[in-house]
Structure formats: C-alpha cells, structure tokens
Amino acid sequence: MREHDRLYIGGEWVAPAGTGTIDVVSPHTEEVIGRVPEATPEDMDRAVAAAREAFDHGPWPRMAPAERAAVVGRLTELYAQRLGDLSELITAEMGCPISFSQLGQTGQAQAVYGYFAALGKEIAWEEERAGLMGPVTVRREPVGVVAAIVPWNVPQFIIALKLAPALIAGCTIVIKPAPETPLDGYVLAELLTEAGVPEGVVSIVAAGRETGEHLVRHPGVDKVAFTGSTAAGRKIGAICGEQLKRCTLELGGKSAAIILDDADLAATMGWLKMASLMNNGQACVAQTRILASRNRYDEVVDALAETVRGMKVGDPADPATEIGPLVAKRQQERVEGYIRIGQEEGAKVVLGGSGRPYDRGWYVTPTVFAGVTNDMRVAREEIFGPVLSVIPYEDDADAVRIANDSEYGLAGTVWTADDDRGLEIARQVRTGTYGVNMYMIEASSPFGGYKGSGVGRELGPEGLAAYLEYKSIARMG
C-alpha cells in the first residue's frame, strides 16, 4: 500500500486544496494498493501559476541549451537506477505484464530521455540565412507553458514523450497523469528534484477529467500535449483551436498487419505476439486487424490461434505472463461487449469468445475472430483489449485498400520474404509509423498519426520542434 498526502507542484510537495482522494486499485486482485490526493481546479491554477512564473521570470528558459541538456542527462542516469521500482509500480497499477513494463514502459522512457539529452547538445538554436536586404537570424525559442495530459496505458513512456522535449526546449510543464496510474508519477517527481530541475518548472498533478479540462482551458497554458482517445482529442483540439493554443494530439488506432503470401508464418507470429497484443492489447499502435491473403487465409488463422492459445494469461507480476488483466472493470466490460458484437455481426470465434480465465481480476479471455469483413465494428472501432480480427484480401492492392479503409492511421506492419515488396506496401499505407517484418517506435524518428489518429509528431527532431517557436530577425546588410 502506497499512500501520499501531497501534490508535486512547481517542484515542491504541497498540501492539496481539497480533501478528495484517488484510490488505486490492482486490476489483478481488485484490491486498493495506493491512495493519492485528487487535484482540484484550484490546485491546477497553482501549478500553472508556478509554471508561468518560472517561464516568464525564472532561469530555465534562459539557460544555455547545453545546461538544460545536462539536467536531462542527469535525469536519464537517475531514472536508470529506479527502473525496477517504476516497472513494478506500473504493473501493479494497470496490470501490464512485468516483462513489458521493463521494456516498453520504463526502458523506452529512459531511452527517450537519453535521446533528447543528446539532441539538445547538437541542435542549432540560432542560424543565419541570406535575405534580400541582408542577413536573417532564425531563432528557436520555447513555446511557453505546456499542459501534458497522459493516459493510463503507458504512463511513463508517454510522460517522457512530452516532458523530455519540453525541458530541452526550455518550456515549463504541468503534467496530469490519469487517475488509474498516479503512483509512478511520484517516483518521477523525486527524480526531477534530484536531477536539479529548478523550482516551478515541472508539476505532476493527478486528477479526473473535469480538472483536466480546466487545465486545457487555462489562459496561462500556451500548448497542450495530449495522448488518449480520438473522441477526447477532438474536444481538446476544438478548445485549442478556439484559443489558438498549440497542440499535439496522439490518438487512437486500428492498425493492420498485412501478411503477404510469401511470409514466414512462424517468424511473423513470433513478432505479432508483441505487435498485436502488447500491454494486454491496450496499446494505440496494436496491430489488431490481421490481413491474410485468401490463398493462405486458413493457414494464417490456424497459426494465429495457436500462437495466442500458447500465450500465458495470469498474474502480471509473473515474468512468464504475456497477457494480464485489463486496467479496470469498465474496460473488461467494454472489451467483452465488443466480443459479443463481433459474434452478432457474424464473425467466427476461433479462440476465446466467452468466459473469463479467472474469477478475480479484470481479465478477458484472448479472442481471435475469423470471417471478419472490414465493415464490421470489430474491424473499425478501437477495442483496446486482447481481441484480433483476421480479414481476407485478394492481392497486394486489395490489402493496401483495406488497410487504408479506416478512420485511423497510426501504425501498421507488412510481413514478407521480399523487403522491396514490403517497402512498396509501406509507402502506400497511410499511417504515421510502419514496420517491415518488425514493429518498433524509434526515439530518433517521428511518431504520430494520420487522419483520426492525431495531429503533430512526437520523438525525433520533429518532436522537439513541437515545443518551439521560430523567430526571424532581419537586418540591413
């Protein structure tokens, strides 16, 4: 049981304005494992005021970029020392298998901090260009106060996507973790203080949706960085548009894994365990539409069912577990509802489909559907659980058409013995990230989506640019 009675606002531990609390419930045991204060709008006002003061008058935006990069570098080193504790916390909070917590939750976050610490030392913050009347100085300057709204599914990694470039740019930031996963933020707050981040620069304030909207609407905020559902992203984007705030929106996905008829099925299935079912299927990039050629359709269905059947479902703290519980009872019920919808639509259950693997915990039986057409809801809507749909296609052009027939465009893969053929497919699928015979989010490369999957990019130099304004200073030659 981890209990906290303070909020981390502007680098200080302060008493909350209200008396409300957030209970953190284990998805595995359904027992309360932690308790933290629930921030109020007044607490958010205090956090934004601290960030505004630190940005307008404090040292952080005025430091040399190399100095800020050195602080983020120290954070990276300190973070490495707490990977075990952070991984265990995230597994306890939201049910992520410990093996993925170590790799995709905290290991990836550490890599992001390290990448941006290095980038901050390399990038040119001013450059000279030739103008018609004389030289022009082009400056990169921080965008200002950032509001970062973070979901529950990959809390530390997604915080890093926003916090690392914001710090390197010279911004100040208020982070609102999801109420399901507030505990890991307390560890990060300790590390930020130890790394030497100045007063006022960072606040980490867990709260519910209404207080989060208060933060988004706050007149002291210059930019919003949000990761979450497409529906929530549309609302946040509308608010930012009305107020002319900068925003980055990383939203939902319904990604397709195209298995070409020359693919090595054994190798493909080994990768799809991660690409399709990482984090218990609770990943925006999950490849949940499996596209198989009619020539090998039955073979692919059988191989996929055998692969998923062999995955260990159970206690997420067990290193052997590959699929754990979903984050909350509402998520369990949502996913089970989609399984019923798939059956009602005429999809064939090849694996799973009903029943729960355990009486306790928010588990869902992993399910594989065959006979799915791309107009079914299970093929079009983001389920966010261990449910896969196998969709047949006629030829390469038909596979691309089906992959693109979606309101989303976040991720995708193609599996083939011919890399050139795979690369040609990759160029035609309208998604922000793609993999040929693998899938990975690279810290050095932009991450984000087309269409309903979002606006803007995170990671890479493009991710830093999202936290910068550009100023041109012209003068007579």
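The structure displayed is predicted, hence computed values, not measured ones. Starting from 1, each residue takes its place in the sequence as its number.
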Exercise for review: Determine, for Tyr467 and Lys223, whether the Lys NZ or Arg CZ falls below 6.0 Å from the six-membered ring centre while staying within 45 degrees of the axis.
Suggested key: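 Yes, a cation-pi geometry holds between Lys223 and Tyr467.
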Is there side-chain contact between [X] and [Y], with heavy atoms separated by less than 4.5 Å?
{"X": "Leu183", "Y": "His4", "answer": "yes"}
{"X": "Tyr450", "Y": "Thr431", "answer": "no"}
{"X": "Arg234", "Y": "Leu249", "answer": "no"}
{"X": "Tyr297", "Y": "Asp302", "answer": "no"}
{"X": "Tyr115", "Y": "Leu459", "answer": "no"}

To the nearest 0.5 Å, what is the distance between [atom1] on [X] and [atom2] on [Y]?
{"X": "Ile159", "Y": "Asp184", "atom1": "CD1", "atom2": "CG", "result": "6.0 Å"}
{"X": "Ile236", "Y": "Lys245", "atom1": "CD1", "atom2": "NZ", "result": "10.5 Å"}
{"X": "Met44", "Y": "Arg217", "atom1": "CE", "atom2": "CZ", "result": "15.0 Å"}
{"X": "Leu89", "Y": "Leu188", "atom1": "CG", "atom2": "CG", "result": "11.5 Å"}
{"X": "Ile204", "Y": "Leu7", "atom1": "CD1", "atom2": "CG", "result": "11.0 Å"}

Check [Y] with [X], please: is the shortest side-chain N to carboxylate O separation under 4.0 Å?
{"X": "Arg380", "Y": "Asp405", "value": "yes"}
{"X": "Asp261", "Y": "Arg296", "value": "no"}
{"X": "Glu3", "Y": "Arg35", "value": "yes"}

Exercise for review: Given side-chain contact (heavy atoms from CB on, under 4.5 Å), test Val146 with Val221 step by step and report yes or no.
Suggested key: CA-CA 6 Å; Val146 175; Val221 168; over 6 Å; no
Within 6.0 Å of [atom1] in [X], more than 12 heavy atoms from elsewhere:
{"X": "Lys348", "atom1": "NZ", "answer": "no"}
{"X": "Glu306", "atom1": "CD", "answer": "no"}
{"X": "Met440", "atom1": "CE", "answer": "no"}
{"X": "Arg6", "atom1": "CZ", "answer": "yes"}

**Study point:** salt bridge (charged side-chain N to carboxylate O under 4.0 Å, His left out) partners of Lys235, counting only residues at least two apart
**Key:**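 Here the qualifying residues are Glu213.
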Donor + acceptor pair across side chains of [X], [Y] (<3.5 Å):
{"X": "Thr416", "Y": "Asp262", "value": "yes"}
{"X": "Ser255", "Y": "Tyr439", "value": "no"}
{"X": "Thr373", "Y": "Asp375", "value": "yes"}
{"X": "His28", "Y": "Tyr363", "value": "yes"}
{"X": "Tyr338", "Y": "Glu381", "value": "yes"}

**Study point:** Glu38: side chain to side chain contact (heavy atoms under 4.5 Å, CB included) partners, not counting sequence neighbours
**Key:**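 Residues passing side chain to side chain contact (heavy atoms under 4.5 Å, CB included) with Glu38: Ile22.
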Check your understanding: Under the side chain to side chain contact (heavy atoms under 4.5 Å, CB included) test, which residues partner Ser354, sequence neighbours left out?
Key ->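 Result, side chain to side chain contact (heavy atoms under 4.5 Å, CB included) vs Ser354: none returned.
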Restricting to non-hydrogen atoms, name the atom on [X] and the atom on [Y] that form the minimum distance, rounded to 0.1 Å.
{"X": "Thr29", "Y": "Arg360", "value": "O-CD, 3.4 Å"}
{"X": "Thr433", "Y": "Leu410", "value": "OG1-O, 2.9 Å"}
{"X": "Ala92", "Y": "Pro27", "value": "O-CD, 3.4 Å"}
{"X": "Pro97", "Y": "Asn280", "value": "CD-OD1, 3.2 Å"}
{"X": "Leu277", "Y": "Pro386", "value": "CD2-CA, 3.6 Å"}
{"X": "Met278", "Y": "Ala283", "value": "CG-CB, 3.6 Å"}

Review point. Out of Arg401, Arg289, Lys254, which one pairs with Asn374 under the side chain to side chain donor-acceptor pair (under 3.5 Å) rule?
Key: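 Among Arg401, Arg289, Lys254, the one meeting side chain to side chain donor-acceptor pair (under 3.5 Å) with Asn374 is Arg289.
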**Study point:** Residue from Val390, Val350, Val387 passing side chain to side chain contact (heavy atoms under 4.5 Å, CB included) with Phe369
**Key:**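 The passing option is Val387.
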Does the [X] side chain pair with the main chain of [Y], one donor and one acceptor, at a distance under 3.5 Å?
{"X": "Gln287", "Y": "Thr413", "answer": "yes"}
{"X": "Thr211", "Y": "Ala207", "answer": "no"}
{"X": "Glu93", "Y": "Val24", "answer": "no"}
{"X": "Gln110", "Y": "Ala80", "answer": "no"}

Practice item. Start with the C-alpha distance between Ile259 and Leu265, add both sets of side-chain angles, then the distance that settles side-chain contact (heavy atoms from CB on, under 4.5 Å), and finish with yes or no. Key: CA-CA 8 Å; Ile259 302 177; Leu265 277 190; 3.9 Å; yes
Exercise for review: Determine which pairs satisfy salt bridge (Lys or Arg N to Asp or Glu O under 4.0 Å) with at least one residue from residues 334-344, sequence neighbours left out, and list them in order.
Suggested key: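 Every pair satisfying salt bridge (Lys or Arg N to Asp or Glu O under 4.0 Å) with a residue in residues 334-344: Glu336-Arg356.
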**Study point:** salt bridge (Lys or Arg N to Asp or Glu O under 4.0 Å) pairs, two or more places apart, involving residues 152-168
**Key:**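 Pairs touching residues 152-168 that pass the test: Lys162-Glu458.
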Exercise for review: Take Gln331 and Trp362 through the test side-chain contact (heavy atoms from CB on, under 4.5 Å) and record every step on the way to the result.
Suggested key: CA-CA 8 Å; Gln331 191 68 13; Trp362 296 313; over 6 Å; no
Practice item. Show your reasoning for whether side-chain contact (heavy atoms from CB on, under 4.5 Å) applies to His218 and Val174. Key: CA-CA 11 Å; His218 200 292; Val174 179; over 6 Å; no
Practice item. For this output row, return yes or no: ring centroids of Tyr8 and Trp13 closer than 6.0 angstrom. Key: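 Distance test on ring centres: under 6.0 Å, yes.
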Exercise for review: Compute the centroid of each ring, for Tyr434 and then for Trp415, and state whether the two points are separated by less than 6.0 Å.
Suggested key: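 Centroid distance Tyr434-Trp415: not below 6.0 Å, so no.
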Practice item. Using the side chain to side chain donor-acceptor pair (under 3.5 Å) rule, collect all pairs that involve residues 79-91, keeping only residues at least two apart or in two chains. Key: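 Sorted pair list: Arg2-Asp85, Tyr79-Gln156, Arg82-Asp85, Arg82-Glu190, Ser87-Thr106, Thr91-Ser101.
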